[in-house]
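A short write-up of the structure that comes next.
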Amino acid sequence: MQDCIFCKIVRGEIPTSLVYCDDEIVAFRDTTPQAPTHVLVVPRRHISSLNDLTAEEMPLLGKLLQVCREVAKKEGVFESGYRIAVNTGPDAGQVVEHIHFHVLGGGPMNLEIG
Ligand code: DGP
């Protein structure tokens with residue numbers, strides 16, 4: 001998608017701190033980290049949100065989670081613990097309309113909602 005910021009990152013048009021990439025998935029550091037480790041895992045294909053994922057695209061979810069796990073290992077939080085967050089829609093605070101998994105870790109976290 002032309003104007004999508006994460007599509008631009010995926011295409012290499014915006015510089016980013018890359019953590020992982022393969023032919024389907026890219027992971028990079030969040031510019032406004034909410035935890036010592038804060039990495040975003042995104043598919044190269046533009047999908048606006050979890051709500052827009054088709055039945056055929058469901059296997060991609062497993063791959064995204066697998067990459068989240070690899071990122072957690074790479075970042076050294078696999079054993080200490082990490083959180084995966086997928087904000088979906090306005091009430092959840094989704095700002096970027098390109099599905100992304102937040103991988104957060106590096107210290108204890110509260111389970112606050114909101
Ligand atoms: P969400 O609220 O779930 O849509 O999270 C979007 C995240 O994307 C937010 O934590 C900040 C991050 N972000 C926004 N713009 C950029 C950018 O240009 N580069 C990177 N690396 N992260 C970005």
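Just follow the structure's listing: the first ligand is 1, and inside any ligand the first atom is 1.
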Quiz item: Got a sec, which residues hit side chain to side chain donor-acceptor pair (under 3.5 Å) with Ser49, two or more places apart in sequence or on another chain?
Solution: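 Result, side chain to side chain donor-acceptor pair (under 3.5 Å) vs Ser49: Asp52.
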Quiz item: Looking at Gln94 and Gly89, what are the two nearest heavy atoms and their distance?
Solution: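 Looking at all heavy atoms of both residues, the closest pair is OE1-N, 2.9 Å.
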Quiz item: What is the distance from atom NZ of Lys8 to atom OG1 of Thr16, rounded to the nearest 0.5 Å?
Solution: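 Here the rounded value is 14.0 Å.
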Quiz prompt | Close residues, ligand 1: non-hydrogen atom nearer than 4.0 Å | solution =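 Lining ligand 1: Ile5, Phe6, Ile9, Thr16, Phe28, Arg29, Asp30, Thr31, Thr32, Leu40, Asn87, Gly93, Gln94, Val95, Val96, His100, His102.
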Quiz item: Side chain of His98, backbone of Pro43: donor and acceptor closer than 3.5 Å?
Solution: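 Side chain of His98 to backbone of Pro43, a donor-acceptor pair under 3.5 Å: yes, one is there.
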Quiz item: For Phe101, which residues count as a ring-ring contact (aromatic ring centres under 6.0 Å, His included) partner, sequence neighbours excluded?
Solution: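 Phe101 satisfies ring-ring contact (aromatic ring centres under 6.0 Å, His included) with no other residue.
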Exercise. Write out all pairs satisfying side-chain hydrogen bond (donor to acceptor under 3.5 Å, both in side chains) with one or both partners inside residues 71-83, taking only residues at least two apart or from two chains.
Key: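 Only Arg29-Glu75 qualify under side-chain hydrogen bond (donor to acceptor under 3.5 Å, both in side chains).
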